[in-house]
Structure formats: C-alpha cells, structure tokens
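Below is one structure; the comments refer to it alone.
Because the structure is predicted, anything quoted here is derived from the model rather than measured.
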Amino acid sequence: MVRLVLLVAILALEWIPLSNLVQIGGGLARLILSSLTIFVAFGYSRVRSSLPRLLEGVDFTFRWGYLAAHFASLLTFAGIAWKIPGWHVPAVAFCLLALPSTICALFAFVPVELCAEIVRGTGNAWIYAGLGGLATWRLADDFGSLWQPGSQNFVLNLTFASVKALLEVCVRDVIADRSILQIGTTHFQVIVAQVCSGLEGMGLMLALSVTWLWFFRKESRFPQSLLLVPASLVLVWALNVVRITALILIGNAGAGDIAVGGFHSQAGWIGFNGAALAFAVAARRLPWLNKSPGATVVAARAENPTGAYLMPFLAILAAALVSAAFSSGFEWAYPLRLLAAVPALWAYRAAYRELDWRCGWQAAAAGAAVFGMWIALDRWSGQGSDSGIAAGLAGLPAAARTGWVVCRVAAAVVTVPLAEELAFRGFLARRLISERFEAVAFRRISPLALMISSVAFGLLHGRMWAGGIVAGLMFGGLLRRSGRIGDAVMAHATSNALLAAWVLAGGHWHLW
C-alpha cells in the first residue's frame, strides 16, 4: 500500500505542471478513462483476498531502469504535446504516449511478475470494464441531451423546481425562467447548460452501479442490492441541486467570478466522486447488501508510521482543492490550508517527539541562500504574471485583509515547511531506500534518493520548478549532513519567511 501511495503521489506531482496546459480532446477520452477506472476498482476488489499470497517472497528491489524509462517517456510526451497547437492532445495520442510512462513508473515500484499475477487474478474484469466504459460514454451523452430548454422531462422539471425552492429558503427575489433554464436572483443569474445539469453525472453513476452489481453478483444480496441503483442516482441528483444552488448563492454574494470559475468546475467532480465512494462502501460493507462484508478489525494494530509523515501534506493538498473550488484568480480561502494542516500535525505530535528538531546557524544561512537564489531566478526569468493577490486583497475589508496575510505568512513559515519536509525529506527520500523508511537514518539518504525527492518537490513550484529542485537539494543536503530534520525545517522556514517579507515590503505578489 505504501508503494502504491508513493507511486500515485509521484504521478500526481508530475501531472501538476502539465494539467494546466495539456487538453485531452474527444469523447473517446471519457471511454478510455472510465474503462480504466472501472477495471482498477473491480480488479482490486477481486484480487484483494489473494494479495497476501501473491506478495509472499516477492523481491521488491527498486527498479531504477524503469524509472529512467518513465522520465524519458514523460519528457517525450511533453515534447510532442508542446508541438500540438494549444496543447490539445487527441485521446488516442494521449494513451499512446502517456500510458507507457505510467506503466514504466508502476514497474519501477512493483515487480513485473507481481503485476502479471495480479492482472491474471482479475479474470474477466477487463470485459466488464470495457462494457462499463462504453455504457458510461454513451449514457453520459444520452442523459445530457435530455437537458433542453423546451424539454418537459421529469428530472429537468424536478431539478429546476428544487433549486428554486432551495434558493427561496436562502434569499428573496428569486428569478426563474423555466423556458430558457435561467435561474438566480436580482443580483446574479445563470442559464443552466447541459454540461452543468448533473444528468451526465447520473448517466455515469447508472453505468457504474449496474456494472458493479453485475460484476459482484455472487457476493451481493438480491433483490435488496438493486436499491443501490436508484439510491445512487438520487444522491447524484441531490448533490447537483445543492451545487447549482450554492453556485448561485456564491454569485449573489458578490463572487460571480468564483461561482462560474473555480466552484463551477470543481464542485461537480467532488460531488460525483463522493457519491461513487459512498456507493462502493455501501455495496461492499453493509451486511444487508453483501453476503460477506468486510470484517471490522477489532484487534489493535501497530500504528502505520507513514501517516505521520504524509497526512499533514495531504491535508494541505485537500484544502487546496477545496479552496480552488471557491476561488477565481485570488485564492481568498487560502487560510483553509493552514486550518487543515494544524490538526493533522497535532494528531501525530507523539510520533514527532522521536525526531531531532534541533537546528544550527547553518540552517538559517542555507535558508537565506535559497531565498537569494529564488529572487535571482525570478529576476533572470522575468517577472511572472500577476497572481491577482493585490486586486483580491484590495477588495477585502481591512480586518479580512489582515487576517488573510497573517494566515498566509503563518502557513509559509510554520505549517508548510513542517508538512513538506516531513513528506519529501522525511518520507520520500528514505522510502526510496527501504520499505521500512523510518529505520533509515537521515545521514544514510543516498544522493540518488535525494535527487528524486528534490525533483518531485520542485515540480510543485510551477514556473519556478528549477529553483524548487535546487532548494530541495539544499534542504535535503543539510538534513543528510547533520542528521537532524530540524535543520531542514528551519532552512525551509527561513527561506519562506524572507520571501514573505520581500513580497509584503515590495508588493512582489507574483512570488506568492
């Protein structure tokens, strides 16, 4: 499981700088991606019970050759995509170029032989995945086509009426024109288009639920399991009603850019993924629906050390996703990142007592050097585009503006250095050496492991990725030399503190 988490983390970090550029065109992309998702979900459920046997005696030595092939194919994909106008990559080309890179990364962490055994253990899951993906592709389009201004179907009328009723509970002067699907308030109205109707989500959920129940028909209890299908559709529909209502309320509050920008694009996927997860948990865990539900583990288990190193960082990423959903240009909800990290760090405070948090003057000096390098790189590359922070702060009341800046600085100086050093230097750099990473002394981190973790760290920093890699090498090198994680955290915090002072003193908002 740790290897899987690490693999997913690396792939996600690599995709971050590409996701804002590469566009996957064509309805075929939905077919391919949905089929892969169904295959992974069904395949894992089928081989889960046999995994302990498959893992016996497997050599989990890290395969550096496959990792090198992964990076080579990733660079090839990026180079070809760069040549395509608008980075609009056809779905077929995406699979031909991106999938080999992903497969090579998988083989670097998991032996080829084990992957082959697992695939064979999935049996005919690939058939159901293909059929489910095809059904998802068609049903999403067919359901979406039902949302037309002149249509009188039941779901459309119920959705429109439900949104109107929810709005009337929250605000006055609701405006609703059913003939053109326009709804809102006197201050903010929207025309609910097909892509925002939620009917595509219902089509996706129908295909997923029916395919799931057929695949697990021997483990499911019938006829009661059939109730999951309408229940999941109702859940997706209800979540979409709440999403449309929330979008209008956000716009009515004066944040129209946020409503049609971040929230519009993020909330739908968050709701669908939540509904799909709820369906999977209910189908496999409830005794009334499943013949052999997962047994509840009562016996105490040894604490997994991975959580202490990764959970604060993952909490910040999750908060960033929610914050982005409610932001457009200016991330006014940035304090959520601070509020998410603090309880995660507090929950694992006992595990952190075992680490050496002492630091010396070299840490502050290294942080100052990283700050100087950062400013030099920014000057050399030319000032980045306006991040929108200055205009966003100007539109806030004085107290809110001060609170946002305080939270931004506190996160940069305290929670971010702690979370990122624990994740990248404390976990990733040592996990590349041994599965029992907690037993690897910081002084034993290899140069190659340090380089890989620094590259992953650098990719988080967007256009300043090169500076991020150098910073990661300096923080990690200091940790490797002293053996104290406190030095790496202090260097990171010093660099961020100086950068915050530079931003606030000179108005260099693009650096934030």
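Contacts classified as salt bridge (Lys or Arg N to Asp or Glu O under 4.0 Å) and involving residues 335-350 (residues at least two apart or in different chains) are given here: Glu331-Arg337.
For the pair Arg425 and Phe457, the cation sits on the ring face: its NZ or CZ lies under 6.0 Å from the ring centre, inside 45° of the axis.
A heavy-atom distance below 4.5 Å is found between the side chains of Ser446 and Ile433. The closest side-chain heavy-atom distance from Leu227 to Trp288 is below 4.5 Å. Looking at heavy atoms from C-beta onward, Ile244 lies out of side-chain contact with Leu166 at the 4.5 angstrom threshold. Looking at heavy atoms from C-beta onward, Val455 lies out of side-chain contact with Trp465 at the 4.5 angstrom threshold. Counting heavy atoms from C-beta on, the side chains of Val342 and Leu339 never come closer than 4.5 Å. Contact annotation: the side chain of Val229 never approaches that of Phe279 to less than 4.5 Å [non-hydrogen atoms, C-beta and beyond]. Taking the side chain as every heavy atom from C-beta outward, Leu181 and Arg178 approach each other to under 4.5 Å. Taking 4.5 Å as the limit, every side-chain heavy atom of Gln189 sits out of range of all side-chain heavy atoms of Ile183.
The shortest heavy-atom contact between Phe424 and Ala456 is CE2-C, 3.8 Å. Across all their heavy atoms, Ala275 and Leu239 have their closest contact at CB-CD1, 4.1 Å. Across all their heavy atoms, Leu310 and Phe427 have their closest contact at CD2-CD2, 3.7 Å. When all heavy atoms of Val416 and Tyr334 are compared, the closest pair comes out as CG2-OH, 4.5 Å. Heavy-atom minimum distance, Ala69 versus Cys104: CB-SG, 3.9 Å. Nearest heavy-atom pair, Ser453 versus Ala429, reported as atom, atom and distance to 0.1 Å: OG-CB, 3.8 Å.
The CG atom of Leu226 sits 10.0 Å away from atom OG of Ser209, with the distance rounded to the nearest 0.5 Å. How far CE of Met205 is from CG of Leu228: 10.5 Å, rounded to the nearest 0.5 Å. Rounding to the nearest 0.5 Å gives a distance of 7.0 Å between CG of Asn290 and OG of Ser225. The CG atom of Leu422 sits 7.0 Å away from the CG atom of Leu345 when rounded to the nearest 0.5 Å. For the atom pair CG (Leu336) and CD1 (Ile316), the distance works out to 12.0 Å, reported to the nearest 0.5 Å. How far OG1 of Thr159 is from CG of Asn240: 6.5 Å, rounded to the nearest 0.5 Å.
Judged by distance alone, the side chain of Arg221 and the main-chain N or O of Pro287 form a donor-acceptor pair under 3.5 Å. Side-chain atoms of Gln182 never come within 3.5 Å of backbone atoms of Ala176 as a donor-acceptor pair (strictly under, hydrogens ignored).
Taking the six-membered ring for Trp and the full ring otherwise, Tyr309 and Phe437 have centroids separated by under 6.0 Å.
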Would you please test Val171 and Ile248 for side chain to side chain contact (heavy atoms under 4.5 Å, CB included) and show each step?
CA-CA 10 Å; Val171 294; Ile248 296 172; over 6 Å; no
Would you check, one step at a time, whether the test side chain to side chain contact (heavy atoms under 4.5 Å, CB included) holds for Phe160 with Asp177?
CA-CA 9 Å; Phe160 205 81; Asp177 189 339; 5.8 Å; no
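With sequence neighbours excluded, no residue forms a salt bridge (Lys or Arg N to Asp or Glu O under 4.0 Å) with Glu438.
Other residues, nucleotides and ligands contribute more than 12 heavy atoms inside 6.0 Å of the OH atom of Tyr352.
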